[in-house]
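Notes to accompany the following structure.
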There are 4 protein chains.
Amino acid sequence: MTTPHFPLKIACLSKTDASRAEVFSPFNEQLLGTVDQANKADIDKALSTAHSLFKDRSQWLSVVERIGILEKAVEMMKAEAESLAVGAAEEGGKPLIDSQVEMNRCIDSIRACIDGLRNDAPHTIPMGINPASQHRLTTIRKEPIGVVVAISAFNHPLNLIAHQVGPAIATGCPVIVKPAEKTPLSCFRLVEIFHKAGLPEGWCQALLTESHEDTESLVTDDRVAFLSFIGSAKVGWYLRSKLAPGTRCALEHGGVAPVIVTKDADIEAAIPGLSKGSFYHAGQVCVSVQRIYAHRSIARQLAEKLAEAAKQLKVGDPVSADTEVGPIIKKSELTRIDDWVKEAINAGAECLCGGKALADNCYAPTVLFNPPANAKVTTSEVFGPVVNVYPFDDIDEALAAANSLPFAFQASVYSRELNAAMYVADKLDASAVMINEHTAFRVDWMPFAGLKHSGLGTGGIPYTMEDMQVEKMIVMTSKGISA
Amino acid sequence: MTTPHFPLKIACLSKTDASRAEVFSPFNEQLLGTVDQANKADIDKALSTAHSLFKDRSQWLSVVERIGILEKAVEMMKAEAESLAVGAAEEGGKPLIDSQVEMNRCIDSIRACIDGLRNDAPHTIPMGINPASQHRLTTIRKEPIGVVVAISAFNHPLNLIAHQVGPAIATGCPVIVKPAEKTPLSCFRLVEIFHKAGLPEGWCQALLTESHEDTESLVTDDRVAFLSFIGSAKVGWYLRSKLAPGTRCALEHGGVAPVIVTKDADIEAAIPGLSKGSFYHAGQVCVSVQRIYAHRSIARQLAEKLAEAAKQLKVGDPVSADTEVGPIIKKSELTRIDDWVKEAINAGAECLCGGKALADNCYAPTVLFNPPANAKVTTSEVFGPVVNVYPFDDIDEALAAANSLPFAFQASVYSRELNAAMYVADKLDASAVMINEHTAFRVDWMPFAGLKHSGLGTGGIPYTMEDMQVEKMIVMTSKGISA
Amino acid sequence: MTTPHFPLKIACLSKTDASRAEVFSPFNEQLLGTVDQANKADIDKALSTAHSLFKDRSQWLSVVERIGILEKAVEMMKAEAESLAVGAAEEGGKPLIDSQVEMNRCIDSIRACIDGLRNDAPHTIPMGINPASQHRLTTIRKEPIGVVVAISAFNHPLNLIAHQVGPAIATGCPVIVKPAEKTPLSCFRLVEIFHKAGLPEGWCQALLTESHEDTESLVTDDRVAFLSFIGSAKVGWYLRSKLAPGTRCALEHGGVAPVIVTKDADIEAAIPGLSKGSFYHAGQVCVSVQRIYAHRSIARQLAEKLAEAAKQLKVGDPVSADTEVGPIIKKSELTRIDDWVKEAINAGAECLCGGKALADNCYAPTVLFNPPANAKVTTSEVFGPVVNVYPFDDIDEALAAANSLPFAFQASVYSRELNAAMYVADKLDASAVMINEHTAFRVDWMPFAGLKHSGLGTGGIPYTMEDMQVEKMIVMTSKGISA
Amino acid sequence: MTTPHFPLKIACLSKTDASRAEVFSPFNEQLLGTVDQANKADIDKALSTAHSLFKDRSQWLSVVERIGILEKAVEMMKAEAESLAVGAAEEGGKPLIDSQVEMNRCIDSIRACIDGLRNDAPHTIPMGINPASQHRLTTIRKEPIGVVVAISAFNHPLNLIAHQVGPAIATGCPVIVKPAEKTPLSCFRLVEIFHKAGLPEGWCQALLTESHEDTESLVTDDRVAFLSFIGSAKVGWYLRSKLAPGTRCALEHGGVAPVIVTKDADIEAAIPGLSKGSFYHAGQVCVSVQRIYAHRSIARQLAEKLAEAAKQLKVGDPVSADTEVGPIIKKSELTRIDDWVKEAINAGAECLCGGKALADNCYAPTVLFNPPANAKVTTSEVFGPVVNVYPFDDIDEALAAANSLPFAFQASVYSRELNAAMYVADKLDASAVMINEHTAFRVDWMPFAGLKHSGLGTGGIPYTMEDMQVEKMIVMTSKGISA
């Protein structure tokens, strides 16, 4: 079977001499497909098309048309769900069982875009409550913000595209999406579905670039109204500093998610979730469980049980139906993770399981007991299958440690006691605190907001739809309106 | 000092030959004041004035005017707060310390009416989401519903008037209020304040009637758009059956409030609240703690501690600064309460404290242990300082007992455990379940809704304001509105 | 072909000796089917089943289960849409083209029930804003209210059932539906679909009764938590007066919908809508255009153009694809309509078209010019294909006439001018005022609320879902919650 | 009388050797006061204090405490309203009559902060609607975002401070405010009031700096969580590019506000508002009316009437009770404005009135007819008392011109016709479109959002409060929560 090739999805561009990116399996290095790469001129063409569409209100698609396209796309995605899931597992390395879940969530995300349109009632503000505001009515409607550029990440090749592109289509923004270089195939397949569902090509264009510099030129063009960026904090905040005046952005980076386990917690009940939250997609998730602060009386027991669970996990071929943990996305990352683990062990952490690279770019699920406060595994996002357990004596000390980093995203507390659970939930720096649930818990209509260095703005379908729209208030003044 | 006399507050009525009601202290039978009583013709005049005002939109007060009047009234109430509290304590028998709190809440209730106006933004519904709804915008504004008749109760002579009359004034409904026969003086004083604050008399009229029959004629007149009734379930549901076609109503009756205490609950911490919730205003409150289902392992201990607390309560003159429990509103009620307690004891309940009438129409705070399931104190609202403790073995059995009556209003669960607390809160039939707080907890912006036989509609300032308004949706269709 | 027979849809009842109701076409008197009728014992069985289900929380269906059932039902309805539309046209007489629209709306109504569940976030109230409310959090969730009895009307045999039964299923209320005697077949077909979609039979039961007395015994049983009634005002308000204490209700009756047309209105543009709004389903719609107040300068012209449009309408067999106006639901109604029209003409109204009965129970679309203010066609709901045009000189006079009846529901204003349109919309007594659109405009997520004698409560899918639920507030008190 | 001197309002800093800024009247160059200037070390101290307060949750003020402080501050502001208004008029040059209005709005803004706290109910998201979300409840509460730096502008010396500092105090953010160099006195007076009302000094610090470089060091410090900037677009977008990673910001710049007047508009009625909107505070307002596109049939008439109105305006001493237009804030701006007007006239604009500098730094209210599309007065914000009238033939051409700039903020349409008004309102690029009202219309609870280059985020009290808080979602998972 020949591997698929995807030309650039730039409207009205047909080009036969583009440079090609090759996409390999992170597990077995098999070539999975090729994708054309855009140069500066191609990028300019994409931007020009998108910008022209937006500037001409007569070309805008009505809400009824957009709902029709999204509903058709949902049907088509349902029909192709299995092959899309397999493709995503192949290129991204997320185990098939989890890729299937991701694909279902991808579909539900598009349905949430439809819900967002169907339920979008304008809102208003009070008038008539002081003399200056009498005889007036207001209506606040939403309009698309303009051209959206979406830069995506590798770890959810389907659902991230749904989260970045779906809202743009729904809200009527022309969108240009650049998927992760490691996982572009899923993106191109989804964009094709939108086109087949009736979306004119200019409203959703997809491309890879030849260089980071070219990507930067795309992002910082002054025709861009909104940047949606999912990736590393370093790149994200750098890009913000380079945006053209007037360009808005949302950034979604990682965290070093903390969990606090009080002495009365139900440990047995907690282990399955903590294991899932730590090792799901080999920890390559921005809200992966990384730092577990457990009361000293139960910390060791918890760590050992978690190590037991970790050892049971089936690591290997992501496309195999029983695999629970797949490969790391690339060799250099595997090496970095191993270096960090070794550094921690050398500095005094006890390795209860894992702590080593396996074949085929996999890393053994690893539980570290009590790494130092200044170890990289404590201070920085591992983005690998590594979790740390730290004993604590005093809850406020655990809270101080949990809150000590410049990142804040999702967090957890495990406790049977109402007061203790609320106390910890109240004091953790986080945009979401789960009580008796792991930090990576998510349903797609939840807000998803990195705080501090972890991100800017709020992700999640309804929130991104809001970001991609501006509000226009109409204030009608008329003596006919009673006071 | 001569006692005050209040003529009928019916606009443009001046009458010298009205029959007079006398108001006596329930504690010492002292005459506190007299109030004229309306006959059928007077009632008709009040209705006619109110209805004429409402039918003529040109006479409606603007929101700006209504805010001005309410703000002025708040200032005046603050200035007269102490004398109003004393007056309420005298006629209603609620201890001064609690009457002062009630007066502060009365003021805050009027402020909440102002808040309700200042923050009232029209809402809208989605349009443009299918072909039939394209090119349209909606606005949903509120208008006053029409003439309001408010029938009030004795147990909160100030704040109930604020809750029934404040929203009517705020929303622009002409209101006719009939206070309880035992506590009309506070009502007439508050209505005077509204008039002095600038409200034209026709917008708020107050009266007592000569007979229940006359009250019924007021309530059932077809010019009445809305009846607000606070009182007994029997009378309330009867009045509903007699309303004219088109008249809406809200009823607020009593309950037989249940509390469930699990075995791990913090008993020490619970007692002060349970004591307050049981004996506040001598139990003459519709959400008074009445039935405490406690796990058998701690039930007796809980009951005894509660009896200890009950014995410490200072019972007596409501106007005295250290009184905690005042008199029963009238002799016949005192007798009824005592009969019910005696019936329960004869049927097997153990009386841990109280169980007897005291001097000056007071009743000793009473804790009964394990009265039978069919005793009146178990099945009906005592409306007196009597609380029952029942041991249980199984939580579902306690829930079944708690939910077995045709009343449902506020309820409580005491537990340290998150799961147990949520389980009970989830399964109790109630409009409000407090976790680790007694059933009579209330702040005035909370919804206050009797379910089943306990009432109809939802009380509380913002909810009553909503009830007293109708919504008018304007659907604007224009090709100028984009789809 | 044999006509279909429907046994009672009462759970676990199988009965061979029930009396049968026969259903005939109002157009050609053909027998369309038969339906068993419940006697008092059958009704009691239905109530008993419903009540037992509700009292036992362990039998409640989860939201996930209810969504699943409704989604399956939507699929099945789509598959059977055409035959359901034909069946409804046959028994109810609404022309097929409109019955097909009704069927689509019926499907969308069920989808709106699913939307209502998917988007139902609990709400909360502020805490921590004064000392009494510190250290607290609230959550207000919804629970089913209890047993629902739905009494339905003939004029929308599909979508009314969707509006009354869909919300009950969605919210988890056991529902017993009694369709109109003239159109039970559509109801029984829809209920069968819900059962086949997985709804256990006890959660949705359907029946006809042997007598009005039996229907009243169903409605007034004290196990009924909520009555949903669509029908005549006289019956509705009577039933309210007979309800058991604790039973809530929503009533949807008719109106005598007014339209005001200012002198600058775009008459040409208005005629198609006014014609549709006047003659849709032969005027047998509760918000049918009935009273058009037009400025004297354009009133005659408007009336004549409307008569022209009326004359073009194709009247006849409802199942025929080109019929625009079908028969009146029964002979006695036809006679009544004709009597009213004759009365008006005798009293001075000018008949511009129609004014007579046609073959097959049809009535000719009728435009009356300037009937007297006290004619029945002016003061009462015609519920037939009759519309009146009244000239006016002064807009306030037109408003006074429009607002003079004890009914208020939907209304319209036609004007090019912003100020005039807002002035009229502001002053009409109505729950919905359309600007430049007829009074019968409706999409199914709009609120639909008869005011004054026209009804009680608000219809429309999301509003009925709200009515069929009670709110339970959980107030969590914990020192762990910061102030 | 000696002029007042204000030391730096940096907590625990007492310094006698600071450099001093002198504040002069823009009208008569009188010295009005002096203010100490912070150097880098002082700025660091202010940041350090603010950051330490924020990091220690035990020092946070409760909502009850914050409401108490704000209510006290409102009382004190009411008492000092007149002297604050005079002081603002003196230093900023806004006429006293308008400064008094501003002071009232300043007070209402603080009251709106209180409203914002009193009405802040947590919200939630749906759970239990798919298997993954069963048995869960959410609560989304708000927490302060961290240290706020507010950089303010000169044109509303009182109400801008209220808008930037009030929300910070209300939401519990430590705030450091740098007022405009021309109008610091009003700021320091207001900050003093907050301190006297009970706010500990560290929670609100105020300072001027020695240089722009120092201001930049304040803004870009990584302890800053939120920058609120009001000023020029050039500086604002530059500062965004320099922010530390993790720092959020809101920018409020100017616009070149367009108005479209259709041929049927009521010109007489429009003139007073257009005159006010053009010349209020000598046009030094970011939503000042600048570009009026009027249908050719009425454009000249409109322009002439507007010029007539402009000529009637009393220009001069801001502190004088009858002055309507005061001075320009500084000489260099006066010169710039005159240069732009001259450039436009030289390029073909017709000057209907004004067009010249007056004594005392004032500029004559100026109406230009039909300046070229590329004149600075057409393309850039004048920020002076200059308004242009352009005739148009076709509405879409007028819309294209109105939408042609990279700015979008408030806009207006004047029309008697509903369809025309909605058409224009629908198609103007703006965050607010007034119908029959000028572009500078504002009440303080309105959103105030510059789009494109005009700003970032949304101003207005409730919106800024939202910006200054992060949301924390608590997801409680419990089998006790029914599905």
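Chain A is the first sequence line, chain B the second, and so forth, proteins listed ahead of strands; every chain is numbered from 1.
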I'd like to verify something: which residue of C:Gly128, C:Gly68, C:Ala420 has the highest number of heavy-atom pairs under 4.5 Å with chain D? C:Gly128

Which bit of D:Ser133 comes within less than 4.5 Å of chain C, counting heavy atoms only: side chain, backbone, both or neither? neither

Portion of D:Leu61 that has a non-hydrogen atom of chain C nearer than 4.5 angstrom: neither

Per-residue contact mode, D:Asp264 against chain C (heavy atom under 4.5 angstrom): neither

Assess whether atom NZ of C:Lys263 is packed by more than 12 heavy atoms of other residues, nucleotides or ligands within 6.0 Å. no

Strictly by modelled atom types, are C:Glu471 and C:His123 linked by a side-chain donor-acceptor pair under 3.5 Å? yes

Interface moiety of D:Gln134 toward chain C, non-hydrogen atoms closer than 4.5 Å: side chain

Does D:Asn419 form a side chain to side chain contact (heavy atoms under 4.5 Å, CB included) with C:Arg416? I'd like the steps, not just the answer. CA-CA 7 Å; D:Asn419 282 344; C:Arg416 275 194 183 95; over 6 Å; no

Under 4.5 Å heavy-atom distance to chain C, tell me which part of D:Arg141 shows up: side chain, backbone, both or neither. side chain

Which bit of C:Leu117 comes within less than 4.5 Å of chain D, counting heavy atoms only: side chain, backbone, both or neither? backbone

Below 4.5 Å from any heavy atom of chain C, which atoms of D:Ile125 appear? Answer side chain, backbone, both or neither. backbone

So, do D:Trp60 and D:Phe54 have ring centers that fall under 6.0 Å from each other? yes

When only pairs under 4.5 Å are counted, which of C:Ala421, C:Ser482, C:Ser415 shares the most heavy-atom pairs with chain D? C:Ser482

Residue part contacting chain C, namely of D:Leu137, when any heavy atom lies under 4.5 Å: side chain

Reported NE2-to-OG distance for the pair C:His135 and D:Ser62, which is rounded to 0.5 angstrom: 8.0 Å

I'd like to verify something: which residue of C:Val63, C:Thr138, C:Ile129, C:Ile435 has the highest number of heavy-atom pairs under 4.5 Å with chain D? C:Ile129

Salt-bridge test for C:Glu71 and C:Arg111: reply yes if a basic N is under 4.0 Å from a carboxylate O, no otherwise. no

Does D:Glu466 pair with D:Lys142 as a salt bridge, N-O distance under 4.0 Å? no

Check this for me: C:Lys72, atom NZ, are more than 12 non-hydrogen atoms of other residues, nucleotides or ligands nearer than 6.0 Å? no

